[in-house]
*Asks:* 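This is the structure I have questions about; it appears just below.
Side chains are part of it too, since the values below use all heavy atoms of this structure and drop only hydrogens, waters and symmetry mates.
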Amino acid sequence: MSSVDLYNTLSRKTETFESIVPDRIGMYVCGPTVYGPPHLGHVRGPIVFDVLRRFFISKGYQIRFVRNITDVGHLVGDADEGEDKLQKQARLEKIEPMEVAQTYADSYNWVMDQMNVIRPSIEPRASGHIIEQIEMISAIIDRGLAYEVNGSVYFDVSAYSKIENYGELSGRVLDDLVAGAGNQSRDLEGQVEKRNAHDFALWKKASPEHIMQWSSPWGKGFPGWHIECSAMSVKYLGEEFDIHGGGMDLLFPHHECEIAQSKAAHNHAPAKYWVHHNMITINGQKMAKSLNNGIQVLQLFSGEHHLLTRGFGADVLRFFVLQAHYRSTLDFSEEALIASEKGLQRLYAAEKLLSGLKVSNSSSLEFSDLKVAIEAALSDDLNTPIAIAQLFELARRINLVNDGKESIDLVNLNMAKELFDHVFHEILGIKAAIEENSGVLDGVVELLIQLRAQAKTEKNYALSDQIRNELKSRGIELMDSKEGTNWKLS
RNA sequence: GGUCGGAUGGCCGAGCGGCUAGGCACGGGUCUGCAAAACCCUUUACACCGGUUCGAAUCCGGUUCCGACCUCCA
């Protein structure tokens with residue numbers, strides 16, 4: 001199998017991928033904190049890593065794909081000091097924290113199913129791996145790289161950086177972090193427990209009103225945000241696995257801390273390749289509560305949002321995401337989404353033509369160049385936009401054949417079919433178009449089309465236009481072509 | 001304020017020294033009673049100022065904007 005190049009954040013270079021164990025890949029992707037309905041920002045990572053996974057599968061690899069659910073320990077910032085995000089939402093809705101987690105984990109997975117994202121091989125939850133997290137924290141303490149204060153445990157970044165390079169992933173320099181603070185006295189005021197401002201929590205003591213808490217060697221508490229991914233990836237993928245993925249926003253501190261935790265506990269880094277996808281922006285602005293421009297995935301499907309005039313399909317969203325390279329920011333707007341939708345329809349239409357295409361003894365067109373170009377594009381740091389551009393070129397050529405301007409033989413026809421099946425559906429994961437007209441409606445519309453055709457033959461255009469207009473007002477659009485009249489629900 | 005990344009035609013978005021992706025919109029055409037749809041063809045570009053080079057959207061320096069993370073905390 002030909003090689004695949006991937007950009008590794010750790011080395012800041014594009015590297016040729018080599019799995020640790022031949023033909024097998026262990027892959028860990030940071031999943032959502034389930035305290036709210038899935039929004040647009042949740043969608044890109046899963047789609048990108050799904051395509052990467054599918055691409056590797058197509059190359060013959062066996063993949064164990066782990067994506068976690070964070071249902072504990074991720075705290076709300078500033079105003080909600082020390083309060084668990086899940087717990088906060090639970091109080092508002094007057095239900096159990098685990099009920100919140102279940103509800104939003106379900107809706108997250110429902111959205112993933114809609115977008116044809118293959119479910120993870122394993123989907124571990126932080127709350128189900130408290131013991132593993134405690135064990136890992138203990139190991140770090142035993143190595144003298146974490147300390148306990150008043151029932152909480154903190155990772156000792158200063159001690160760690162004497163033996164390892166804290167900041168190797170994010171490019172941050174500890175000296176800068178420390179020196180940059182400049183006014184440490186202020187930092188330490190509210191942070192008496194920590195030895196240094198840049199230390200991070202491995203375990204937090206729970207206050208009595210804290211609902212989500214577990215027993216530990218340090219008393220009742222709950223795990224820090226970073227340790228869950230470390231503990232769960234070790235459990236299911238081993239101390240060293242192939243690919244760790246996530247959003248660029250997690251690069252620091254989360255992934256940096258994961259590396260530090262693993263090195264502190266096991267003496268080596270958890271993952272060989274770190275892959276980070278970029279963010280989605282909306283109308284040139286970042287998604288933010290204050291800007292009131294966040295869009296939930298369900299709103300996108302239904303169109304119930306002030307930035308949308310109508311709803312869009314999950315396949316459109318998926319295609320939209322893949323039309324940009326995963327390491328670039330992607331600006332969302334309804335206009336851009338409509339452009340993707342139209343383009344997608346163009347590909348569907350071309351694919352549909354294949355079954356009725358005239359096969360010649362010889363070909364005036366070749367498709368093998370497209371196959372090669374697609375393989376090369378995907379192998380070059382998962383360049384999906386280039387691969388999609390080749391599919392559009394394929395569609396263009398198919399249309400030329402359909403118009404009788406070019407010809408193809410059976411070999412090329414089959415290659416075109418294979419490109420759609422293999423690349424479009426299997427790797428890019430775009431679902432095949434579905435005809436969802438009811439048989440009854442089908443018959444009724446066909447009858448009206450026949451009556452209208454008769455009217456046209458008699459040059460009774462008043463009647464033929466009436467039929468067309470009446471149907472249109474009922475959501476059925478008629479389109480004449482050389483071969484006859486087609487219709488669709490509008 | 002710190003670290004890193006980015007500024008490409010009306011919009012989205014590839015490219016990363018020469019051969020100027022792709023989609024949508026616009027325009028021209030085919031088809032058509034008309035319309036719509038579909039298909040074919042096609043215009044517009046590389047933030048700004050210098051430099052390197054035979055040649056730069058691509059490399060170097062500066063300027064201006066933009067973003068992510070950090071500067072609170074977990």
*Asks:* Between U8(B) and C48(B), how far apart are the two C1' atoms, rounded to whole Å?
*Replies:* 15 Å
*Asks:* Side chain of Asn383(A), heavy atoms from C-beta onward: which of A14(B), C34(B), G2(B) has the nearest atom to it?
*Replies:* A14(B)
*Asks:* Could you check which nucleotide pairs with C16(B) in any of the strands shown, counting Watson-Crick or G-U wobble with both distances under 3.5 Å?
*Replies:* none
*Asks:* Please determine whether any donor N or O and acceptor N or O are separated by less than 3.5 Å between the side chain of Asn399(A) and the base of A38(B).
*Replies:*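 Answer is no: no donor-acceptor pair is held.
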*Asks:* Look at the side chain of Met479(A) and decide which nucleotide, out of G33(B), A36(B), A74(B), has an atom nearest to it.
*Replies:*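 It is A36(B).
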*Asks:* Does a salt bridge link Glu470(A) with Arg474(A), judged by any charged N lying under 4.0 Å from a carboxylate O?
*Replies:*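 Result for this pair is yes, salt bridge flagged.
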*Asks:* Give a yes/no answer on whether the side chain of Ser170(A) brings an N or O atom under 4.0 Å of OP1 or OP2 in C4(B).
*Replies:*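 Negative; the distance criterion is not met.
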*Asks:* Does Arg396(A) put a side-chain nitrogen or oxygen below 4.0 Å from OP1 or OP2 of G22(B)?
*Replies:*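 Checking Arg396(A) against G22(B): no side-chain N or O falls below 4.0 Å of OP1 or OP2.
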*Asks:* On a plain distance test, is the side chain of Asp331(A) in donor-acceptor contact with the base of C11(B) below 3.5 Å?
*Replies:* no
*Asks:* Report yes or no: is there a donor-acceptor pair, N or O only, under 3.5 Å between the side chain of Arg468(A) and the base of A35(B)?
*Replies:* yes
*Asks:* Mind calculating the distance between CD1 (Ile386(A)) and C1' (A21(B)) to the nearest angstrom?
*Replies:*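 Spelled out: CD1 on Ile386(A) to C1' on A21(B) is 5 Å.
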*Asks:* Reckon Lys204(A) has a side-chain N or O less than 4.0 Å from the OP1 or OP2 of A74(B)?
*Replies:*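 So the side-chain polar atoms of Lys204(A) do come within 4.0 Å of the phosphate oxygens OP1 or OP2 of A74(B), strictly under.
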*Asks:* Taking CH2 from Trp487(A) and C1' from A37(B), how many angstroms apart are they, rounded to a whole number?
*Replies:* 15 Å
*Asks:* State whether Lys205(A) and Glu193(A) are salt-bridged, where the test is any N-O pair (Lys NZ or Arg NE/NH1/NH2 against Asp/Glu carboxylate O) under 4.0 Å.
*Replies:* no
*Asks:* Let me know, please, whether Asp465(A) or Phe392(A) comes out on the 5' side of the other along RNA chain B by nearest nucleotide.
*Replies:* Phe392(A)
*Asks:* Let me spell it out: for each of Gly343(A) and Asp403(A), pick the nucleotide of RNA chain B with the closest heavy atom. Which residue's pick is nearer the 5' end?
*Replies:* Gly343(A)
*Asks:* What is the separation between atom CG on Leu382(A) and atom P on G15(B), rounded to the nearest whole Å?
*Replies:* 12 Å
*Asks:* Closest to the Asp480(A) side chain: A35(B), C40(B), G13(B)?
*Replies:*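 Side chain of Asp480(A) sits closest to A35(B).
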*Asks:* May I ask which nucleotide in the shown strands pairs with A57(B), Watson-Crick or G-U wobble, both distances under 3.5 Å?
*Replies:*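 WC or wobble partner does not exist here.
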*Asks:* Ala339(A) side chain: which of C12(B), G33(B), C24(B) is closest?
*Replies:*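 Out of C12(B), G33(B), C24(B), the nucleotide with an atom closest to Ala339(A)'s side chain is C24(B).
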*Asks:* From A35(B), G22(B), A74(B), pick the nucleotide closest to the side chain of Gln323(A)?
*Replies:*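 Output: G22(B).
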*Asks:* Between the side chains of Asp465(A) and Arg468(A), is the shortest nitrogen-to-carboxylate-oxygen separation below 4.0 Å, so that they form an ion pair?
*Replies:*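 The answer is yes: the pair qualifies as a salt bridge.
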*Asks:* Under a 3.5 Å cut-off for both distances, is U43(B) Watson-Crick or wobble paired, and to whom?
*Replies:* none
*Asks:* Please determine which of Met279(A), Arg44(A), Gln323(A), His277(A) meets the side-chain contact (heavy atoms from CB on, under 4.5 Å) test together with Leu330(A).
*Replies:*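 The passing option is Arg44(A).
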*Asks:* Establish, with yes or no, whether the OP1 or OP2 oxygen of C40(B) is under 4.0 angstrom from a side-chain nitrogen or oxygen of Lys405(A).
*Replies:*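 Answer is no, no contact under 4.0 Å.
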*Asks:* My understanding is that a pair needs two contacts under 3.5 Å, Watson-Crick or G-U wobble. By that rule, which nucleotide pairs with A21(B)?
*Replies:*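 Per the H-bond distance test, none.
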*Asks:* Checking only heavy atoms, does the side chain of Arg172(A) share a donor-acceptor pair with the base of C69(B) at less than 3.5 Å?
*Replies:*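 Indeed, a donor on one side and an acceptor on the other fall under 3.5 Å apart.
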*Asks:* Provide, to the nearest angstrom, the distance between the CG atom belonging to Leu471(A) and the C1' atom belonging to A36(B).
*Replies:* 14 Å
*Asks:* Hey, is the side chain of Lys194(A) poking within less than 4.0 Å of OP1 or OP2 on C73(B), counting only N and O atoms?
*Replies:*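 False: Lys194(A) side-chain N/O out of range (4.0 Å or more) of C73(B) OP1/OP2.
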*Asks:* Suppose you measure atom C1' in G9(B) against the same atom in G22(B); what distance do you get, rounded to whole Å?
*Replies:*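 Each nucleotide's C1' atom is 14 Å from the other's.
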*Asks:* Tell me: CD of Glu335(A) to P of G23(B), nearest whole Å?
*Replies:* 16 Å
*Asks:* Looking at Arg346(A), does any N or O in its side chain come under 4.0 Å of the phosphate oxygens OP1/OP2 on C39(B)?
*Replies:* yes
*Asks:* Tell me whether the ring of Tyr461(A) lies stacked over the G33(B) base, given a 5.5 Å limit on centroids and a 30° limit on the plane angle.
*Replies:* yes
*Asks:* Classify the nucleic acid contact of Ser464(A) as base, sugar-phosphate or nothing, counting any heavy atom under 4.0 Å across all strands shown.
*Replies:*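 Base, at least one base atom sits under 4.0 Å.
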*Asks:* Would you kindly give the CG-to-P distance between Leu370(A) and G22(B), to the nearest whole Å?
*Replies:* 12 Å
*Asks:* Counting side-chain heavy atoms from CB outward, which of G33(B), A74(B), C40(B) is closest to Arg452(A)?
*Replies:* G33(B)
*Asks:* Please state how far atom CG in Asp249(A) lies from atom P in C4(B), giving the value in whole angstrom units.
*Replies:*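 After rounding, the gap between these two atoms is 19 Å.
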*Asks:* Kindly assign one of parallel, tilted or perpendicular to the pair His425(A) and Phe420(A), based on the angle between their ring planes and the thresholds 30° and 60°.
*Replies:* tilted
*Asks:* Determine whether the aromatic ring centres of residues Phe424(A) and Tyr348(A) are separated by less than 6.0 angstrom.
*Replies:*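 Between Tyr348(A) and Phe424(A), the centre distance is under 6.0 Å.
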*Asks:* Distance check needed: A21(B) P versus Asp380(A) CG, whole Å only.
*Replies:*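 These atoms are roughly 17 Å apart.
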